[in-house]
Amino acid sequence: MSTLTHHHEPAAIEQLELDPKVQRTFMAIIGAGVLVLIIGIIAALMHWGEHHEAGEAASHLGATAVHDADAHEGHSVLVRRIIVSLWHSNVFFIGVSVVGTVFMAIQYVAYAGWSVIVKRINEALSAWLIPGGVLLVVLFLIGRHDIFHWTHEGIMTKGSATYDKIVAGKSGFLTLGFYLIRMISYLTIWAVFSWRLRQLSIQEDLNGGTSYFHTSVKTAALFLVLFAVTSSMSAWDWVMSVDVHWFSTMFGWYVFASWWVSGIAATTLIAIFLKQAGYLRFMNSNHFHDLGKLMFGFSIFWTYVWFSQFMLIWYANLPEEAVYFNQRLGGFEGRYTWMFYFNLVINFAFPFLALMTRDAKRQMIIMKIVCIAILIGHWSDFYLMIMPGTLKGDNGFLIEIGIAMIFLGAFLILVTRRLVSASLIPVNHPFVEESVHHTT
């Protein structure tokens, strides 16, 4: 790698050439995911067969009306697990995808120069938005009864056997048509702005000049205003309404913090792999240092939001709010308790301790380990947000991990295709030289 401290010519075009081995690796991840999914399905069927009679006896003796309604209107436990797992992993990957655009938009409006070197990675992350968005809409249409208790027939109809006064009070917001309109609106806004910023970036590469940059700044500013609203609302719709009785005024920030730090980790991890493959030759330890500072800082921010939400609900001890944490700390025979504590260790303690020193943030091997831990940790965070409210005590891990691996392989295929389609260095960006010579 050559050092270019005194280099004053425009940065050279750097075109990614995809090794067939890389594509085979991605296909292998998908194949391994399918295998784990099949093993998980077989294990679930065997487990279900063993406990079917005991479960029937328990339901006759006193299963809750909620569980009865879910079983009656939804699919079997196995199909429910697959649908909920698809929803869980898709919501996580859509978040990582849109954060690529959010990160890039923030850099535009801040007139930041250091991050130009990873800009194409940010653009590539958004490749999942359209296929992920389509899948999300389809999953809602075919599996809404398995994910959302409020979609069940009669739950908002006074006099119905399944009537729920609290859910009925939210009927103005939680209606099928309005929900779909909101979902499609969020996804469309995110996809359109991601596409627009990408197009302006490509045109800037081809034609040069500063007009594309100034248009991008205005586009990014509008996007950030819209994202500030739609990100919180999507968190309420896609995750919080799973626990329809429960609510938290901090939940939008909580989900955003989880998505945000995951997106930065994904950006950093892809940059490390490209650097190790001989690309991004202008990227240096100063860039990694800044990305490390962001991961360090926002892991603490996520923990701050987590603690604020938990502490206030614990202190107030209101039954309708405390139930959320009771389910995760000791409910369902303690099935989620270990994960509750694991969540804090992997998403706060580990990044905090690993990235505390300046040197750690400049070492690619440490950064790689931390990035992988953060991505696994926040996928687990979404697991903990979604599973107790949907599957209750019927949760597991093999099916969920298998589906996550399939998503990961597909996500990486789309991201690398986007990376291949343009130079890894935005050669005509006004601040590219500042990024090349970045020091901290």
Side-chain angles (χ1 to χ4, degrees), residues 87-88 90-106 109 125-126 128-129 132-133 136-137 139-140 147-148 150 167 169-194 219-264 294 297-313 320-321 324-325 343 347 378-379 381-386 389-390:
W87 184 270
H88 159 221
N90 199 23
V91 166
F92 174 73
F93 277 100
I94 284 174
V96 171
S97 197
V98 75
V99 163
T101 306
V102 177
F103 185 90
M104 180 172 56
I106 289 170
V109 298
L125 286 177
S126 64
W128 184 257
L129 279 176
L136 203 71
V137 173
L139 281 171
F140 179 74
I147 307 167
F148 302 107
W150 58 265
V167 179
K170 302 179 183 185
S171 60
F173 193 74
L174 295 176
T175 61
L176 194 63
F178 189 30
Y179 186 96
L180 272 172
I181 290 167
R182 292 198 306 273
M183 178 191 282
I184 293 166
S185 299
Y186 311 148
L187 294 164
T188 303
I189 289 166
W190 299 353
V192 166
F193 276 90
S194 299
T219 307
L222 178 57
F223 169 68
L224 289 174
V225 170
L226 292 171
F227 184 78
V229 177
T230 55
S231 63
S232 279
M233 291 183 71
S234 64
W236 306 337
D237 283 354
W238 302 345
V239 187
M240 193 165 72
S241 72
V242 163
D243 291 275
V244 69
H245 281 197
W246 181 77
F247 63 92
S248 166
T249 53
M250 303 185 74
F251 197 76
W253 279 108
Y254 180 76
V255 170
F256 169 72
S258 202
W259 273 344
W260 175 248
V261 75
S262 301
I264 295 170
L294 285 169
F298 281 101
S299 289
I300 296 170
F301 174 71
W302 172 86
T303 314
Y304 161 73
V305 179
W306 182 95
F307 176 75
S308 299
Q309 180 175 265
F310 176 78
M311 187 272 291
L312 289 170
I313 290 173
E320 66 271 21
E321 293 190 31
Y324 182 84
F325 289 105
N343 200 24
N347 291 325
H378 285 283
W379 179 87
D381 187 25
F382 275 90
Y383 182 101
L384 203 57
M385 286 187 239
I386 291 170
T390 51

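Owing to the predicted nature of the structure, the values given are computational and were not obtained by experimental measurement.
Using a distance-only test at 3.5 Å, with no hydrogens or angles considered, no donor-acceptor pair links the side chain of Trp259 to the main chain of Ile94. A side-chain donor-acceptor contact under 3.5 Å links Trp246 to the backbone of Glu321. A donor-acceptor pair under 3.5 Å is formed between the side chain of Ser234 and the backbone N or O of Ser231. A donor-acceptor pair is defined here as one N or O able to donate and one able to accept, closer than 3.5 Å; no such pair exists between the side chain of Ser126 and the backbone of Val98. Between the side chain of Thr303 and the backbone N or O of Ser299, at least one donor-acceptor pair lies under 3.5 Å.
Separation of the Trp87 and Phe148 ring centroids falls under the 6.0 Å cut-off. Taking the six-membered ring where the residue is Trp, the centroids of Tyr383 and His88 are separated by under 6.0 Å. For Phe251 and Trp236, the ring centers sit 6.0 Å or farther from each other.
In this structure the side chain of Ser232 never reaches within 4.5 angstrom of the side chain of Phe256, judged on heavy atoms. Side-chain contact between Ile386 and Trp238: absent, with no pair of heavy atoms (C-beta onward) separated by less than 4.5 Å. Considering only heavy atoms from C-beta on, Val137 comes within 4.5 Å of Ile184 through its side chain. Looking at Asn347 and Trp302, their side chains come closer than 4.5 Å, going by heavy atoms from C-beta outward. Using a 4.5 Å cut-off on side-chain heavy atoms (C-beta onward), Met240 and Tyr324 make no contact. Contact check for Asp237 versus Met183: no side-chain heavy atoms found under the 4.5 Å cut-off. Within the 4.5 Å cutoff, no side-chain heavy atoms of Ile189 are placed close to those of Phe227. The side-chain heavy atoms of Leu176 and Phe140, taken from C-beta on, include a pair separated by under 4.5 Å.
In plain terms, the two heavy atoms of Ser194 and Thr101 that are nearest each other are OG-OG1, 2.7 Å. What you find for Ile264 and Val99 is that their closest heavy atoms are N-CG1, 4.4 Å. Here the shortest heavy-atom pairing between Val96 and Ser262 reads CG2-CB, 3.8 Å.
Here the straight-line distance linking atom OG of Ser185 with atom CG of Leu226 works out to 10.5 Å at 0.5 Å rounding. Atom-to-atom distance recorded for Asp381:CG and Asn343:CG is 4.5 Å, nearest 0.5 angstrom. Here the CG atom belonging to Leu129 is positioned 11.0 Å from the CG atom belonging to Leu136, to the nearest 0.5 angstrom. Separating the NE2 atom in His378 from the CE atom in Met385 is a distance of 8.5 Å, to the nearest 0.5 Å. For the atom pair CZ (Phe223) and CD1 (Ile106), the distance works out to 9.0 Å, reported to the nearest 0.5 Å. Going from atom CZ of Phe173 over to atom OG of Ser241 covers 8.5 Å, rounded to the nearest 0.5 Å.
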Val255 and Phe382: CA distance, side-chain angles, deciding distance, side chain to side chain contact (heavy atoms under 4.5 Å, CB included) verdict: CA-CA 8 Å; Val255 170; Phe382 275 90; 3.8 Å; yes
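Judged by a 6.0 Å distance limit and a 45° cone about the ring axis, Arg182 is not positioned over the six-membered ring of Tyr186.
Within 6.0 Å of CH2 in Trp306 there are more than 12 heavy atoms belonging to other residues, nucleotides or ligands.
Between Trp150 and Tyr179, the ring-plane angle classifies as tilted under the 30° and 60° cut-offs. Ring pair Tyr304/Phe301 is tilted by interplanar angle, where 30° to 60° counts as tilted.
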